[in-house]
Structure formats: C-alpha cells, structure tokens
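Written out below as structure tokens is the structure these notes cover.
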Amino acid sequence: MAIQRPKGTQDLLPGTIEQWQYLEETIRSVCREYGYEEIRTPMFEATELFQRGVGQTTDIVKKEMYTFQDKGDRSMTLRPEMTASVCRAYVEDKLYGQPQPMKLYYIGPMFRYERPQSGRFRQFHQFGIEVLGADQPIVDAEVISLVWNLYKRLGLIGLEVHVNSVGCPICRARHREQLQEFLAARKSKLCNDCQERFERNPLRILDCKNPSCQEETVGAPTTKDTLCEDCSTHFEKVLAILGRAGVVYRVNPRLVRGLDYYTKTAFEVMVEEIGAQSAICGGGRYDKLVEEIGGPPTPGIGFAMGIERVLAALQVQHKLPEEKPKLFAMLIALGEQAQIEGFALLSDLRSQGMPVGMDLLGRSLKNQLKSANRQGVRYALILGEEELARKVLVIRDLTLGEQMEVSLVDAVEEINKKYQRGV
RNA sequence: GUGGGUGUGGCGAAGUGGUUAACGCACCGGGUUGUGGUUCCGGCAUUCGUGGGUUCAAGCCCCAUCACCCACCCCA
C-alpha cells in the first residue's frame, strides 16, 4: 500500500481550495473593516504554554495534544488552539507597549489528537480574533458582532448565537459550590458520564444531552443567580449593546466552555445540519490568562471559528460561489512555427493580466477545441500556418460559435478589449 | 479511549461460491487532409483494501490486519 496521509488530515485540492480562498478573503475583509490586524505565530510551542494557558484539567491538554521531544530534549507541542500563543506573543514581543487594545486575528492550522469524525480533524483550521488590553463590555459586543456580521455576509442562515457569563473566579467558584450542593442529592439519578463530571466539571452536567439529566437539573442554580455585582452588570451591558446592534442571540445559562481560562462572557455559535459537531464558533473573555502565563495583568477576549465546519455549513446551504472557468482564452497553435509565435503571444496576454493557456499535450485541433470547451474557456485563439503566413489570428467565441480574424499586431489589444468587457 | 458501519478501475456503482468482473460519469483516441459543445465507434480493473484459510472452484464463506466513515467522550 502506498503511503497515505496521516489520519484526520486532508489534502485540499483544486476545486475546493477556491472555497477556502473565498472564505479566507471574506474573513480578511471583515477583519479589516473592524480594524483587526493579522498575527502569525509558530505552529508549535513549548508544551508548558498550553498546559498553563489552556489548563491542565482540560481534555485538550490531558489527551489531545501532539507532543514530542525535540533534539535538545525540550517538550514541544503542535498548537491545539491559538489563544495561548497570541497571549505569549503579546508578552514576549511586548505588544502591551503599543497603543491599546491590540486587536488581532489569525487563520491557520491547529492540531488535536482525536478520533476523526464528521466536522472533526486532527489537523483542522481556525480563524480567530483576540482583543488584548480592554475590559469594557463594548469589546465583548464588538467581538460577537464581528462573527455575526461575517456569517451574515457569507449568507449563512439558521444560526444560533448562545451567550452566557461564567463569571469571575470568585463567583464561578461560588456557582460551582452551589451547583454541587444542589446536585449532591440527585447524583445517583444522573447518567454515568455526569456522575464523573460531578467533581471534575459540574457545570458541564447542565449541558448534558441525556433527558433524565436535563430533568434532574431543572431549577439548578445558574450562573445568572450567582454572578457578582461586577460580572452581572458587565453581562447586562454586553447584552444591551448586542440587542441594539441587531445581533440575534439567546442567553443560555447552561453554556459552559471547555477551556479553563474563560471568565465573564462566553458564547458559541451553532448550526444544525452539519452533523454532531455543530459548533462553528466558540469564544469568550479570559481576563486572567495573560497573567497566568507570566505577563502583566491584561484583560482579553476572543473566539475561534472552525473553517471546515463553516465550509460544511456553506456547502449544505448552497452558499458557496460557483466555480468559474480558470482561463479566459486558449491558444490553439498548429505547427511548430505557430506554436513558437503563439507562445510569445500568450506571454504578452499574461503580462496584461489575462489568464490564458495553450495545449501542452500535442493534441489535434479538434481535441484542443474540445478540451477548451470542456474547461469552459470563452475564446479559442487559433493560429495555424495559414494564419501565420497572413499575419492574422482567428478569435473564436466558443459560447456563440462565431469567429473573427484580427491582424496579429492588434491581437493583444483586441483580446484585452473583450477581457475588459468581461465577455 | 469505547461502539457501529464500509472497503470492487480517477469517481459513482452492479455482482450474495462456478468459464473472459455489468453499467454510468470522467479521461484518452478516432469517424479520411485545420473547427469544439450533440451523436457514433474504440481504449481504459491479469483483478475486487491487505495477508492467510476453507473449497475441485471465492469479489462473494471464515480468520486476521489495515484504512476510511459515523457516533460517544470532548470540542472548532
């Protein structure tokens, strides 16, 4: 058996790569409009960065990291997410010394060692943004509204934006305590998974899909009941701004995010119809993270969006742009001399910005035309010995089935005219 | 890590023990000397993921193995 690509990775081939480019271009223009600048960080980092940044107790760190020893016997890890890296760069490159806040975005591959399934890969791609150095509720609203408007521009429908506040470390601890108290009596009625979650992550029980667990958690204390004054007003302000901006959201008091670093605002965007992994975006505020990895106390907020999942949603909703012909014209040269002259003509056309091609397989006139037609090329530029002798070029419109002759000296100009007209 | 499903040419897909492995699409070539899109003709799997086994005989049965898919956990 020939060598195969590693499990959970993919080759992006011509035909789909255009969809990626379209999505990336749309992302970049929305980011530009919101005043975000791109950041690129290494694809691997010291393992410790993720252990501290993402959190020792998370599944990502406990079982999903691609970790290896380098030749200097240092433990390195392929990045499973990028927030920790961006915060590391913020500290290491002293971005706190620049005008604040830093508004950054990234697009790139992430790596998690998991069993692949629909919408889940070992190498997957995320677009994300991070705002560092601003703690105002309006920042939270801007971040959420950026994704919202991106999805709107892409034409996605049927999305659900869930918003919650997980509070600061103080009220979060109180919530956890009250929740455990509430659930203690019902623990035996919960599913096995939830019984395990009881100690490790009781908040997650609220999110269990098991119907009986949902029943048992009715009336459980929510984050909303336990938020401190500061967290609660922050949350209210975020919601007010979002509402006025036209973002349709749902407050979901059961929304808890999996990564340890979140504080206050947490949110998630879901689409059904792309399979079990329906979250296409997740994010929130992380006011303690920069400090955690050794930087100055700095508030932060961001999100990560799964490129593959958004593409899947665009696909099922038929919102991807149609495939366009790659070439505008195809030169059909007959005879060696014509091939040499035609090749030079192509160079001229290309230098004017026109995408043009010619047969590279030595095919007959008939098969060259057939091939041009199948590729959806609009014009065939026929140059044979006869044309060459008369210093003319036949421009054949393959859509209309009509052709005209132009003198070779005027050819580039004539073709360019058609190109500019878009026909 | 756990459970289920699938594996036939570039793609889709017949075939459920018996001579040469349907068909469709795509691709390549041709239908007399330089004009495509329709049509016609031809080419394109010594072989059915891989390795064993059963049998006179296996793509079809058994075992193992690998790969992919889906779901759980969790997440983008």
Side-chain angles (χ1 to χ4, degrees), chain A residues 1-10 13 15 54 57-64 79-83 106-128 147 191-194 196-197 200-201 204 207-210 255-259 267-271 274-283 302-313 330 332-335 338 359 361-388 394-403:
Chain A
M1 194 55 180
I3 297 171
Q4 290 181 299
R5 77 176 89 87
K7 185 194 285 287
T9 63
Q10 44 187 343
L13 305 175
V54 179
T57 64
T58 59
D59 277 19
I60 291 181
V61 170
K62 279 196 308 189
K63 50 184 201 190
E64 296 173 0
R79 64 184 185 201
E81 58 108 53
M82 220 167 112
T83 302
Y106 59 82
I107 302 176
M110 308 296 157
F111 307 85
R112 291 184 200 174
Y113 194 89
E114 296 183 274
R115 283 285 281 271
Q117 72 185 68
S118 176
R120 168 183 293 156
F121 305 88
R122 288 187 172 178
Q123 177 180 332
F124 61 104
H125 299 77
Q126 289 185 329
F127 151 59
V147 229
C191 70
N192 289 339
D193 287 336
C194 283
E196 277 174 36
R197 287 172 179 140
R200 186 167 48 94
N201 190 357
R204 186 52 82 181
D207 209 25
C208 184
K209 283 153 199 143
N210 190 315
L255 172 66
V256 237
R257 310 239 55 250
L259 282 50
F267 67 98
E268 210 163 83
V269 184
M270 331 269 273
V271 229
I274 60 167
Q277 310 305 321
S278 60
I280 54 175
C281 178
F303 66 72
M305 186 190 98
I307 300 278
E308 285 87 350
R309 292 185 186 176
V310 170
L311 284 170
M330 186 67 93
I332 296 179
L334 304 163
D359 174 62
L361 295 174
R363 282 186 280 215
S364 66
L365 166 72
K366 174 183 169 150
N367 286 323
Q368 289 190 50
L369 276 169
K370 189 185 279 185
S371 161
N373 186 59
R374 287 197 183 151
Q375 289 176 59
V377 172
R378 179 73 193 255
Y379 292 100
L381 312 176
I382 304 170
L383 184 64
E385 303 293 357
E386 187 194 315
E387 285 80 9
L388 203 56
V394 172
I395 301 177
R396 181 172 178 83
D397 184 325
L398 294 178
T399 306
L400 299 176
E402 295 166 353
Q403 60 187 45

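A quick note: this is a predicted structure, and the numbers were derived from the prediction, not measured. Naming convention: chains lettered A, B, ... in sequence-line order (proteins, then strands); numbering from 1 in each chain.
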Query raised in the report: Expressed in angstrom and rounded to an integer, what is the separation of A:I307 atom CD1 from B:rA76 atom P?
Result: 14 Å
Query raised in the report: What integer distance in Å separates A:L381:CG from B:rU35:P?
Result: 18 Å
**Report entry** For atom CD of A:E114 and atom P of B:rC69, their distance in whole Å
**Finding:** 14 Å
Requested in this report: Please state the C1' separation for the pair B:rG9 and B:rC27 - nearest whole angstrom.
Outcome: 12 Å
Query raised in the report: In whole Å, what is the span from the CG atom of A:L361 to the C1' atom of B:rC27?
Result: 12 Å
Requested in this report: Give one of base, sugar-phosphate or nothing for A:Q375, where a contact means two heavy atoms less than 4.0 Å apart.
Outcome: nothing
Query raised in the report: Mind checking the P distance from B:rG7 to B:rG42? Whole angstroms is fine.
Result: 32 Å
Please tabulate, one pair per line, each protein N/O and nucleotide N/O from nucleotides 7-9 of chain B that are separated by under 3.5 Å, including the distance.
none

Query - Earlier contact from the 5' end, RNA chain B, for A:S364 and A:G384 - result: A:S364
Kindly give the atom pairs (protein nitrogen or oxygen, nucleotide nitrogen or oxygen) under 3.5 Å for nucleotides 65-68 of chain B.
residue	atom	partner	partner atom	Å
B:rC68	OP2	A:K7	NZ	2.9

Report task. Report the secondary structure of RNA chain B in dot-bracket form, marking unpaired bases with a dot and bases paired to a different strand with |, and treating Watson-Crick or G-U pairs with both distances under 3.5 Å as paired. Result -> ((((((((.[[[..)..(....]]].(((((.......))))).....[[[[[..)....]]]]])))))))....
Query raised in the report: Given the P atoms of B:rC68 and B:rU55, what is the spacing between them in whole Å?
Result: 35 Å
Query raised in the report: Would one find a side-chain N or O of A:R115 under 4.0 angstrom from OP1 or OP2 of B:rA71?
Result: no
Requested in this report: Rounded off to whole Å, could you give me the CZ-to-P distance for the A:R363 and B:rG30 pair?
Outcome: 11 Å
Report task. Please work out if A:F121 contacts a base, only the sugar-phosphate, or nothing of the nucleic acid, heavy-atom cut-off 4.0 Å. Result -> base
**Report entry** Touch class at under 4.0 angstrom, heavy-atom based, for A:A279 against every strand present
**Finding:** sugar-phosphate
Query raised in the report: Counting only distance, no hydrogens or angles, is the base of B:rU35 paired donor-acceptor with the side chain of A:Q368 under 3.5 Å?
Result: no
Report task. Sticking with atom C1', work out how far B:rG15 lies from B:rG59, rounded to a whole angstrom. Result -> 8 Å
Requested in this report: Return the set of residues passing salt bridge (charged side-chain N to carboxylate O under 4.0 Å, His left out) with A:E114 (not counting sequence neighbours), or none when no residue passes.
Outcome: A:R120
Requested in this report: Determine the interatomic distance between P on B:rA21 and the same-named atom on B:rC48; round to the nearest Å.
Outcome: 11 Å
Query raised in the report: Quick one: are A:R79 and A:P109 in side-chain contact, heavy atoms under 4.5 Å?
Result: yes
Query raised in the report: More 5' along RNA chain B: A:E387 or A:E64, using each one's nearest nucleotide?
Result: A:E387
Requested in this report: Mind listing the closest non-hydrogen atom pair of A:L398 and A:V377 along with its distance?
Outcome: CD1-O, 3.5 Å
Query raised in the report: salt bridge (charged side-chain N to carboxylate O under 4.0 Å, His left out) with A:E385: which residues, sequence neighbours excluded?
Result: none
Query raised in the report: When you measure from the side chain of A:S118, which nucleotide among B:rA76, B:rA71, B:rG34 comes out closest?
Result: B:rA71
Report summary line: Considering only heavy side-chain atoms of A:Q277, the closest of B:rC74, B:rU35, B:rG34 is B:rC74
Query raised in the report: Between A:N367 and B:rU35, does any side-chain N or O lie under 4.0 Å from OP1 or OP2?
Result: no
Query raised in the report: Rounded to whole angstroms, how far apart are CD1 on A:I332 and C1' on B:rG36?
Result: 8 Å
Query raised in the report: In whole angstrom, what separates A:F124's CZ from B:rA76's P?
Result: 8 Å
Query raised in the report: Using the C1' atom in both, what is the distance from B:rU19 to B:rC56, to the nearest Å?
Result: 14 Å
Requested in this report: Can you figure out which of B:rA76, B:rC72, B:rG34 approaches the side chain of A:L365 most closely?
Outcome: B:rG34
Using a cut-off of under 3.5 Å, enumerate the N/O to N/O pairs linking the protein to nucleotides 37-40 of chain B.
residue	atom	partner	partner atom	Å
B:rG37	O4'	A:N373	ND2	2.8
B:rG37	N2	A:L398	O	3.4
B:rG37	N2	A:T399	O	3.3

Report task. Scan A:I382 against the nucleic acid and name what it touches under 4.0 Å (heavy atoms): base, sugar-phosphate only, or nothing. Result -> base
Report task. Under 4.0 Å between any heavy atoms, over every strand shown, what does A:E386 touch: base, sugar-phosphate, or nothing? Just pick one. Result -> base
Query raised in the report: When the P atoms of B:rU47 and B:rC72 are considered, how many whole Å apart are they?
Result: 41 Å
Query raised in the report: Does A:Q117 put a side-chain nitrogen or oxygen below 4.0 Å from OP1 or OP2 of B:rC70?
Result: no
Query raised in the report: Could you state the CD1-C1' distance from A:I274 to B:rC70, rounded to the nearest angstrom?
Result: 15 Å
